[in-house]
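Notes follow once the structure below has been shown.
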Amino acid sequence: MPTSEADWISVATERSKDAKALKENGRKLAAIYILGYVVECYLKAYLIKTGKSIPTSGSSGHDIRGLWEAAGLRPNDFNAGKRWFVKYWNTGLRYETELPREANFEELCSEGYKLAGYIQNRLRWARRRIRK
């Protein structure tokens with residue numbers, strides 16, 4: 001189990017490669033599910049970096065919206081596409097066999113990667129603030 005910011009970033013980096021490979025092989029649902037896990041890992045790294053605790057029990061440890069709020073980030077920090085990703089993604093996707101009809105795979109992927117990138121930028125910004 002990851003315990004440090006660097007550990008969570010390492011896991012996120014590896015799972016990002018997995019999501020890309022799944023996407024390239026047409027495994028849409030699996031790609032989205034793993035991409036959500038990437039976002040979750042970056043959020044956990046951010047929580048550690050900013051001195052906040054990570055929920056460790058139950059679904060709260062995997063709730064992107066809850067982790068986002070625990071990190072002190074605002075829902076307004078992301079656009080409608082990213083909000084849709086956060087609203088749509090949950091651990092229950094692992095039990096599904098296909099994406100819901102209304103889900104746009106390319107848009108979900110794009111917004112998921114943007115969300116992960118946003119959190120990476122916040123991590124870099126937090127590191128610079130701490131060094132000063």
Side-chain angles (χ1 to χ4, degrees):
M1 172 87 159
T3 58
S4 70
E5 172 196 0
D7 291 344
W8 283 109
I9 290 171
S10 180
V11 172
T13 300
E14 286 301 307
R15 295 300 77 83
S16 185
K17 292 174 191 174
D18 295 339
K20 181 180 179 191
L22 288 163
K23 179 183 180 195
E24 289 171 354
N25 285 290
R27 305 282 300 157
K28 294 178 179 182
L29 183 62
I32 295 298
Y33 179 74
I34 296 297
L35 187 52
Y37 187 60
V38 169
V39 171
E40 175 187 328
C41 290
Y42 280 126
L43 281 169
K44 289 177 177 180
Y46 185 78
L47 283 165
I48 289 171
K49 175 49 74 185
T50 57
K52 298 180 173 90
S53 62
I54 297 173
T56 58
S57 63
S59 62
S60 61
H62 304 289
D63 175 15
I64 292 176
R65 181 173 292 282
L67 291 169
W68 188 271
E69 291 169 1
L73 302 170
R74 301 177 323 232
N76 296 353
D77 290 338
F78 45 88
N79 66 17
K82 291 180 192 72
R83 278 194 297 275
W84 171 240
F85 184 88
V86 169
K87 178 182 174 186
Y88 169 76
W89 189 90
N90 64 70
T91 57
L93 287 177
R94 64 185 167 199
Y95 302 114
E96 301 298 327
T97 57
E98 58 186 46
L99 287 170
R101 210 175 298 267
E102 72 275 7
N104 179 308
F105 172 69
E106 291 299 329
E107 183 178 334
L108 278 173
C109 273
S110 174
E111 295 303 329
Y113 280 114
K114 287 177 188 174
L115 190 54
Y118 177 84
I119 301 162
Q120 286 177 293
N121 285 335
R122 294 295 299 228
L123 274 163
R124 282 190 282 277
W125 182 78
R127 277 190 217 110
R128 279 183 280 216
R129 270 191 35 205
I130 291 169
R131 280 189 229 151
K132 290 182 179 182

Could you tell me whether the side chain of [Y] reaches within less than 4.5 Å of the side chain of [X], counting heavy atoms only?
X	Y	value
Cys109	Ile32	yes
Arg15	Leu35	no
Tyr118	Arg122	yes
Leu29	Glu98	no

Say you draw a straight line from [atom1] of [X] to [atom2] of [Y]; how long is it, rounded to the nearest 0.5 Å?
X	Y	atom1	atom2	result
Ile48	Ile54	CD1	CD1	3.5 Å
Asn90	Ile64	CG	CD1	9.0 Å
Lys20	Tyr113	NZ	OH	8.0 Å
Ile119	Ile9	CD1	CD1	11.0 Å
Leu115	Leu43	CG	CG	7.0 Å
Ile34	Arg94	CD1	CZ	10.5 Å

Geometric cation-pi criterion Arg65 and Trp68, 6.0 Å radius, 45° cone: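 No, cation not above the ring by the 6.0 Å, 45° rule.
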Donor-acceptor pair, side chain of Ser16 and main chain of Ala12, under 3.5 angstrom: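 Side chain of Ser16 to backbone of Ala12, a donor-acceptor pair under 3.5 Å: no, none is there.
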Contacts of type side-chain hydrogen bond (donor to acceptor under 3.5 Å, both in side chains), residue Thr3, not counting sequence neighbours: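 If we apply the side-chain hydrogen bond (donor to acceptor under 3.5 Å, both in side chains) test to Thr3, skipping adjacent residues, the hits are Asp7.
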Partners meeting side-chain hydrogen bond (donor to acceptor under 3.5 Å, both in side chains) with Lys17 (sequence neighbours left out): Glu14
Centroid-centroid distance, Tyr33 to Trp89, less than 6.0 Å: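 Yes: the rings meet the under 6.0 Å criterion.
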Residue pairs involving residues 30-41 (criterion salt bridge (charged side-chain N to carboxylate O under 4.0 Å, His left out); sequence neighbours excluded): Glu40-Lys44
From CA spacing to verdict: side chain to side chain contact (heavy atoms under 4.5 Å, CB included), Tyr42, Val11: CA-CA 9 Å; Tyr42 280 126; Val11 172; over 6 Å; no
Closest heavy-atom pair and its distance - Thr50, Ala126: CG2-CB, 4.4 Å
Least distance between heavy atoms, Gly112 atom then Val39 atom: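 The pair with the smallest heavy-atom distance is O-CG2, 3.8 Å.
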Intermediate values then yes/no, salt bridge (Lys or Arg N to Asp or Glu O under 4.0 Å), Glu106 and Lys23: CA-CA 9 Å; Glu106 291 299 329; Lys23 179 183 180 195; 3.5 Å; yes
